[in-house]
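What follows is one structure encoded as structure tokens, with my remarks underneath.
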Amino acid sequence: MKVLIFGASGATGHHLISQAVEQGHEILAFVRDPSKLKIVNKSLKTFQGDVANYQQVAEAVRGQEAVISALGASNPVTRNYALITGIENIVQAMTKHNVNRLVYQSFLGVRENRQELGFIVNRVLPILLKGSIKDHEEKEKIITTSNLQWTIVRCPTLTNGPLTKKYVDGERLQPESALAFISRADVADFMLRQLPENKYIGKKPRIMKK
């Protein structure tokens with residue numbers, strides 16, 4: 001499958017690319033600085049651009065079969081309006097070029113149904129990660145009000161642990177401990193699994209380490 005990855009030079013993005021090319025996908029990595037992308041593979045191409053620039057986003061989206069977004073703010077406390085604009089651009093470009101499948105990496109701490117996830121997620125993280133959570137909420141709204149075949153993956157705290165494929169997923173999944181974790185490698189595995197599946201189209205699954 002021809003897959004465009006936004007946030008490709010980030011920590012999760014690197015796992016997405018390495019796993020995707022191993023699975024035989026043709027990957028186009030959208031990056032601001034190609035030098036940050038250390039992966040070299042015949043199935044990987046790069047597109048240098050700014051996600052806040054609609055024309056650049058639209059050019060990258062054209063001809064793809066699916067889009068994955070692992071865009072994340074460098075500072076989780078403050079707002080990053082450029083990323084919100086970026087999601088608007090991605091959705092608009094996908095709609096224009098008839099690219100329907102979108103998998104978006106979000107965060108477990110968004111307001112919707114957060115009260116069932118315990119004190120830390122419901123009360124502490126919204127203070128510590130206020131900017132990032134608000135951004136995710138706005139980006140989710142842009143995605144869910146589109147006509148795309150979207151899946152929003154709500155992740156807990158991310159680690160740099162190995163790929164284990166030992167995780168659980170579900171729309172109303174609840175953590176067994178006060179604070180859930182999962183490795184970025186396992187998040188990438190789950191996101192890539194969504195490309196050929198329809199189980200979570202139009203849904204917002206949570207994912208956590210077993």
Side-chain angles (χ1 to χ4, degrees), residues 3-13 15-16 28-32 47 49-58 60-61 64 66-97 99-115 117 121-122 125-158 169 171-173 180 182 184 187-188 190-192 194-195 200-207:
V3 184
L4 172 61
I5 298 179
F6 289 92
S9 61
T12 303
H15 287 290
L16 283 165
L28 181 61
F30 191 101
V31 291
R32 295 190 67 170
F47 187 104
D50 183 345
V51 74
N53 184 310
Y54 173 74
Q55 295 301 326
Q56 293 175 347
V57 171
V61 166
Q64 301 300 311
V67 174
I68 294 178
S69 172
L71 291 169
S74 57
N75 186 339
V77 178
T78 59
R79 303 292 305 275
N80 190 324
Y81 296 100
L83 295 184
I84 296 173
T85 299
I87 292 298
E88 290 177 334
N89 289 340
I90 291 169
V91 169
Q92 182 180 349
M94 291 180 68
T95 302
K96 178 180 179 180
H97 293 296
V99 181
N100 294 316
R101 192 69 176 103
L102 173 62
V103 182
Y104 171 76
Q105 180 186 4
S106 187
F107 179 54
L108 199 64
V110 295
R111 184 182 299 275
E112 185 180 39
N113 300 321
R114 186 172 64 200
Q115 71 281 356
L117 294 172
V121 176
N122 190 37
L125 293 185
I127 297 174
L128 299 178
L129 307 176
K130 181 179 180 180
S132 178
I133 288 174
K134 186 63 177 177
D135 284 355
H136 277 301
E137 289 171 346
E138 291 196 23
K139 288 182 283 185
E140 283 195 11
K141 184 177 180 180
I142 293 166
I143 293 168
T144 58
T145 54
S146 74
N147 292 321
L148 300 177
Q149 295 179 348
W150 52 265
T151 298
I152 292 173
V153 181
R154 290 179 171 169
C155 306
T157 301
L158 301 176
D169 55 87
E171 292 180 83
R172 303 299 289 270
L173 188 67
I182 192 169
R184 292 177 173 86
V187 170
F190 180 76
M191 293 179 77
L192 288 168
Q194 305 316 303
L195 296 179
Y200 286 126
I201 289 180
K203 297 181 180 179
K204 308 162 190 172
R206 299 168 178 169
I207 177 173

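Numbers for residues simply follow the sequence, beginning at 1. Given the structure is predicted, the values throughout are model-derived calculations rather than measurements.
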Could you grab the distance from atom [atom1] of [X] to atom [atom2] of [Y], nearest 0.5 Å is fine?
{"X": "Asn53", "Y": "Thr85", "atom1": "CG", "atom2": "OG1", "answer": "11.0 Å"}
{"X": "Arg172", "Y": "Arg206", "atom1": "CZ", "atom2": "CZ", "answer": "6.0 Å"}
{"X": "Glu138", "Y": "Ile87", "atom1": "CD", "atom2": "CD1", "answer": "12.0 Å"}
{"X": "Ile84", "Y": "Lys139", "atom1": "CD1", "atom2": "NZ", "answer": "7.0 Å"}
{"X": "Arg32", "Y": "Asp50", "atom1": "CZ", "atom2": "CG", "answer": "4.5 Å"}
{"X": "Ile142", "Y": "Trp150", "atom1": "CD1", "atom2": "CH2", "answer": "13.5 Å"}

Compare all side-chain heavy atoms of [X] with those of [Y] and state whether any distance is below 4.5 angstrom.
{"X": "Leu71", "Y": "Asn80", "result": "no"}
{"X": "Met191", "Y": "Thr151", "result": "no"}
{"X": "Leu102", "Y": "Val67", "result": "yes"}
{"X": "Pro205", "Y": "Phe190", "result": "yes"}
{"X": "His136", "Y": "Leu129", "result": "no"}
{"X": "Asp135", "Y": "Leu83", "result": "no"}

Legend entry - Parallel, tilted or perpendicular, as decided by the 30° and 60° cut-offs, for the rings of Phe30 and Phe6: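 Taking Phe30 first and then Phe6, their aromatic rings sit tilted (interplane angle of 30° to 60°).
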Inset, instruction - Go through the steps for His15 and Val187 under the test side chain to side chain contact (heavy atoms under 4.5 Å, CB included), then give the verdict. - result: CA-CA 9 Å; His15 287 290; Val187 170; over 6 Å; no
Legend entry - Worked check of side chain to side chain contact (heavy atoms under 4.5 Å, CB included) between Ile68 and Leu192: CA-CA 8 Å; Ile68 294 178; Leu192 288 168; 3.7 Å; yes
Inset, instruction - Check each of Glu171, Glu112, Glu137 against Lys204 using the salt bridge (Lys or Arg N to Asp or Glu O under 4.0 Å) test, and report the only one that passes. - result: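 Of Glu171, Glu112, Glu137, salt bridge (Lys or Arg N to Asp or Glu O under 4.0 Å) with Lys204 is met by Glu112 alone.
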Inset, instruction - Count the heavy atoms of every other residue, nucleotide or ligand shown that sit under 6.0 Å from CG of Asn75, and state whether that count exceeds 12. - result: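 Yes, because the 6.0 Å sphere around CG of Asn75 holds more than 12 heavy atoms from other groups.
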Inset, instruction - Show your reasoning for whether side chain to side chain contact (heavy atoms under 4.5 Å, CB included) applies to Gln194 and Arg101. - result: CA-CA 9 Å; Gln194 305 316 303; Arg101 192 69 176 103; 3.7 Å; yes
Inset, instruction - Indicate yes or no for a side-chain donor-acceptor contact from Arg114 to the backbone of Gly109 under 3.5 Å, with no hydrogens or angles considered. - result: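 Yes, Arg114 side chain to Gly109 backbone: donor-acceptor pair under 3.5 Å.
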Considering all heavy atoms, the nearest [X]-[Y] contact:
{"X": "Ala70", "Y": "Gln105", "value": "CB-OE1, 3.4 Å"}
{"X": "Ala8", "Y": "Ala29", "value": "CB-CB, 3.5 Å"}
{"X": "Ala58", "Y": "Ala93", "value": "CA-CB, 3.7 Å"}
{"X": "Val51", "Y": "Asn89", "value": "O-ND2, 3.0 Å"}
{"X": "Ile133", "Y": "Pro126", "value": "CD1-CA, 3.6 Å"}
{"X": "Val91", "Y": "Ser146", "value": "CG1-CB, 3.6 Å"}

Inset, instruction - Apply side chain to side chain contact (heavy atoms under 4.5 Å, CB included) to the pair Leu125 and Phe107, showing each step before the final yes or no. - result: CA-CA 11 Å; Leu125 293 185; Phe107 179 54; 3.7 Å; yes
Inset, instruction - Might you work through the side-chain hydrogen bond (donor to acceptor under 3.5 Å, both in side chains) test for Ser106 and Glu140, ending with a clear yes or no? - result: CA-CA 8 Å; Ser106 187; Glu140 283 195 11; 2.6 Å; yes
